[in-house]
2 protein chains.
Amino acid sequence: MAEPMYQRIADDLRGQIESGALKRGSQLPTELELREKYEASRNTVRDAIRRLINLGLVETRPGQGTFVYSKIDPFVTTLSADRATGLGGGEGATYLSEVDAAHKKAKTSEPRVELQRAAPEIAARLRVPEGTQVISRHQERSIDDTPWSLQTSFYPKDFVKRGADRLLDAEDITEGTVKYLEATLDLKQVGYRDWITARAPDATETDFFKLPPDGRVAVFEIFRTAFDQNGTPMRVTVTVFPIDRNQFIVNVGDVPSPQYETSDGRAAS
Amino acid sequence: MAEPMYQRIADDLRGQIESGALKRGSQLPTELELREKYEASRNTVRDAIRRLINLGLVETRPGQGTFVYSKIDPFVTTLSADRATGLGGGEGATYLSEVDAAHKKAKTSEPRVELQRAAPEIAARLRVPEGTQVISRHQERSIDDTPWSLQTSFYPKDFVKRGADRLLDAEDITEGTVKYLEATLDLKQVGYRDWITARAPDATETDFFKLPPDGRVAVFEIFRTAFDQNGTPMRVTVTVFPIDRNQFIVNVGDVPSPQYETSDGRAAS
DNA sequence: GCAAATTTGTTCGTATGTATT
DNA sequence: CAATACATACGAACAAATTTG
């Protein structure tokens, strides 16, 4: 009895799913049927199913049954710069045009603007002392009414005093903050660094993204530090994306511009 | 009774952890103590703890107890090109020098070389018909004896006939396959595209990375398609990294080269 | 529209096994 | 070896969601 029974049941079902014997979207036997088939108690069968849920292989629907999981059609964000605009992917106008290209409808909430004391990971990236006041601009973004990402940008509070007072307005800066800061403060964004991590969602994120409350779906957290012409950080943007519906592309060097393939290898339409 | 009891217990403990009342590495009350404190059965308490495990907040050790999770010091891979070499991060020599810079010892296994029929997602990226034979070179990589990544590169079988026969040798090509292919086939790698995804690990990955078998730790899967001077894909490299010990950096434009911050915001040593 | 049947979700109790101290 | 703490497994009862008749 090297392997516990619930694990052997899970492995057996897993094999059936990965071999294709159980197809995507199809229903698994009910707990009662599995209990008879494997001669185990209902709780043991449920332990096996829980394992499959954690592996992202199945989902359960109360009153209906257990079904092989069907993957969501992912949204793809390009992190490297657009040659034409020099803007990074996933921000402002670039975000909207990428979405449009995929025939989807994006919606961005009005920004929630706050003055905050910089948390350690923000302070270090902006190179200001921990606890310094910073401007925080937070937006929720959805595509086709599916919540897609949460984004918060941090700017030195200083920028307002120096003339960029629209940073404190709780409305979209349609031409983009990059252009706005160049026009008002003569700060050119000459580059940025993206720091890509993944972690479990917190309570707010679970709620906004409508993720299962058990935390089995992690989130990407991308820290973008933008630098001005003096090599000084002028902005830190933190964006959170659920990993079950998001993928990212980075282009380096000369790369053919059209994307000839989709994420799962099928030819693009 | 809107919320089930196990969830209220989990939320209460979660609050204590996130507020700092329970510090990293410290021990939670035992199941028996929690059972008395919350006046619930042991199974209900265990359901609450399972929730915390899935959220990556605690870990249990049989015979010892339940402990607040201490994060692993992550390894950081730069995906954008090194200015000097033009090589991408995470490959060949670049991988070793990055590791060295962090005062760690890397170990790469001898490649396992196979001729395979291209799976759909590989075929589409290499732009060859599905099922075409391709050369597969697979390596396991560890840092300080911790398994860090699994990497498989795919090349058109064609390359061997045209003279790059060392692609079939099961030994490291120390100068790197990029240089080797340029020398033998006059194929210059002028750029690449990285496609970043995350998913649950399969059985092989769970085993190699020594991940918990319940699948709560996902893996990054990065598809790198490298292009030659004609804009034709010359290589597809798939690398898998556990998300609990890996982070990535992408530099775009002019970015100050030293990294002034670490992943969690503390000043670098 | 409603009641019954089906299916998963929550909670309890109990017993035994395994790992660590 | 004994005590402690988590892991596995069984049984039972009721609740909640969904489908069916």
Side-chain angles (χ1 to χ4, degrees), chain A residues 1-14 17 22 25-70 206 210-216, chain B residues 1-14 17 22 25-70 206 210-216:
Chain A
M1 207 69 94
E3 301 254 286
M5 186 182 302
Y6 76 90
Q7 196 171 324
R8 282 189 290 120
I9 297 173
D11 287 346
D12 187 51
L13 291 169
R14 183 178 181 166
I17 293 169
L22 285 166
S26 67
Q27 183 168 10
L28 267 69
T30 66
E31 292 175 354
L32 205 68
E33 289 165 335
L34 290 173
R35 183 188 134 155
E36 285 165 9
K37 175 171 177 186
Y38 293 103
E39 290 178 324
S41 75
R42 188 182 160 216
N43 281 329
T44 301
V45 167
R46 281 176 61 76
D47 277 346
I49 291 174
R50 176 154 37 213
R51 168 75 48 104
L52 299 178
I53 292 174
N54 272 345
L55 287 167
L57 293 173
V58 305
E59 61 183 327
T60 55
R61 303 179 204 145
Q64 297 187 57
T66 305
F67 299 83
V68 183
Y69 188 72
S70 307
T206 299
K210 296 189 182 68
L211 298 177
D214 60 8
R216 67 175 180 269
Chain B
M1 205 73 92
E3 302 255 289
M5 188 183 302
Y6 75 90
Q7 196 171 323
R8 282 189 288 121
I9 297 173
D11 287 346
D12 187 49
L13 290 170
R14 182 177 182 167
I17 293 169
L22 285 166
S26 67
Q27 183 169 10
L28 268 69
T30 66
E31 293 175 351
L32 205 70
E33 290 166 335
L34 290 172
R35 184 190 135 151
E36 285 165 10
K37 176 171 177 186
Y38 293 105
E39 289 178 325
S41 77
R42 190 181 158 220
N43 282 330
T44 302
V45 166
R46 281 177 62 75
D47 278 345
I49 290 175
R50 178 155 36 214
R51 167 73 50 103
L52 299 179
I53 291 173
N54 271 348
L55 287 167
L57 293 174
V58 305
E59 61 183 327
T60 56
R61 302 178 205 146
Q64 296 186 54
T66 305
F67 299 84
V68 182
Y69 188 71
S70 306
T206 300
K210 297 190 181 70
L211 298 175
D214 60 8
R216 66 175 180 268

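Proteins come first, then strands; the chains are lettered A, B, ... in the order of their sequence lines, and each starts at number 1. The structure presented is a predicted model; accordingly, all values stated were derived computationally and were not measured.
Under the side chain to side chain contact (heavy atoms under 4.5 Å, CB included) criterion, Ser70(A) pairs with Arg24(A), sequence neighbours left out. In this view, Arg51(A) satisfies the salt bridge (Lys or Arg N to Asp or Glu O under 4.0 Å) rule with no residue, not counting sequence neighbours. For Thr206(A), there are no side chain to side chain donor-acceptor pair (under 3.5 Å) partners at least two apart in sequence or on another chain. Among residues two or more places apart in sequence or in another chain, the side chain to side chain donor-acceptor pair (under 3.5 Å) test is passed with Asn43(B) by none. Arg50(B) meets the side chain to side chain contact (heavy atoms under 4.5 Å, CB included) test with Asp47(A), Arg50(A), Asp47(B); sequence neighbours excluded. With sequence neighbours excluded, the residues satisfying side chain to side chain donor-acceptor pair (under 3.5 Å) with Tyr38(A) are Asp12(A). Residues passing the salt bridge (Lys or Arg N to Asp or Glu O under 4.0 Å) test with Arg35(A): none are found, sequence neighbours excluded.
The distance between atom CE of Met5(A) and atom C1' of dT16(C), rounded to the nearest whole Å, is 13 Å. Atom CZ in Arg35(B) sits about 15 Å away from atom C1' in dC6(D), given to the nearest Å. Distance Tyr38(B) OH to dT11(C) C1': 17 Å, rounded to the nearest Å. For Glu59(B) and dA5(D), the CD to P distance is 17 Å, given to the nearest whole Å. Between the C1' atom of dA5(D) and the CG atom of Leu34(B) lies a distance of 12 Å, rounded to the nearest Å. Rounded to an integer number of Å, the gap from CZ of Phe67(B) to P of dA19(C) is 17 Å. One can place CD of Glu36(B) at 11 Å from P of dA5(D), the figure rounded to the nearest angstrom. Residue Asp214(A) contributes atom CG, which lies 15 Å from atom C1' of dT8(C) at whole-angstrom precision.
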Which pairs would a plain distance check flag for residues 57-67 of chain A, meaning a side-chain donor or acceptor within less than 3.5 Å of a matching protein atom at least two apart in sequence or in another chain?
none

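Near DNA chain D, meaning a heavy atom under 4.0 Å away, the residues from residues 43-51 of chain A are Asn43(A), Thr44(A).
Judged by distance alone, with hydrogens and angles left aside, the side-chain atoms of Glu36(A) form no donor-acceptor pair with the main-chain N or O of Glu33(A) at under 3.5 Å.
Just one residue in the list Leu28(B), Leu13(B), Leu52(B) forms a side-chain contact (heavy atoms from CB on, under 4.5 Å) with Val68(B), and that residue is Leu28(B).
Remark: Arg42(A) engages Glu31(A) in a salt bridge, criterion side-chain N to carboxylate O under 4.0 Å.
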Can you check nucleotides 13-15 of chain D for protein contacts, nitrogen or oxygen pairs under 3.5 Å, and list what you find?
none

Are there any protein N/O atoms within less than 3.5 Å of an N/O atom in nucleotides 3-7 of chain C, and if so, which ones and at what distance?
residue	atom	partner	partner atom	Å
dT7(C)	O2	Gly63(A)	N	3.4

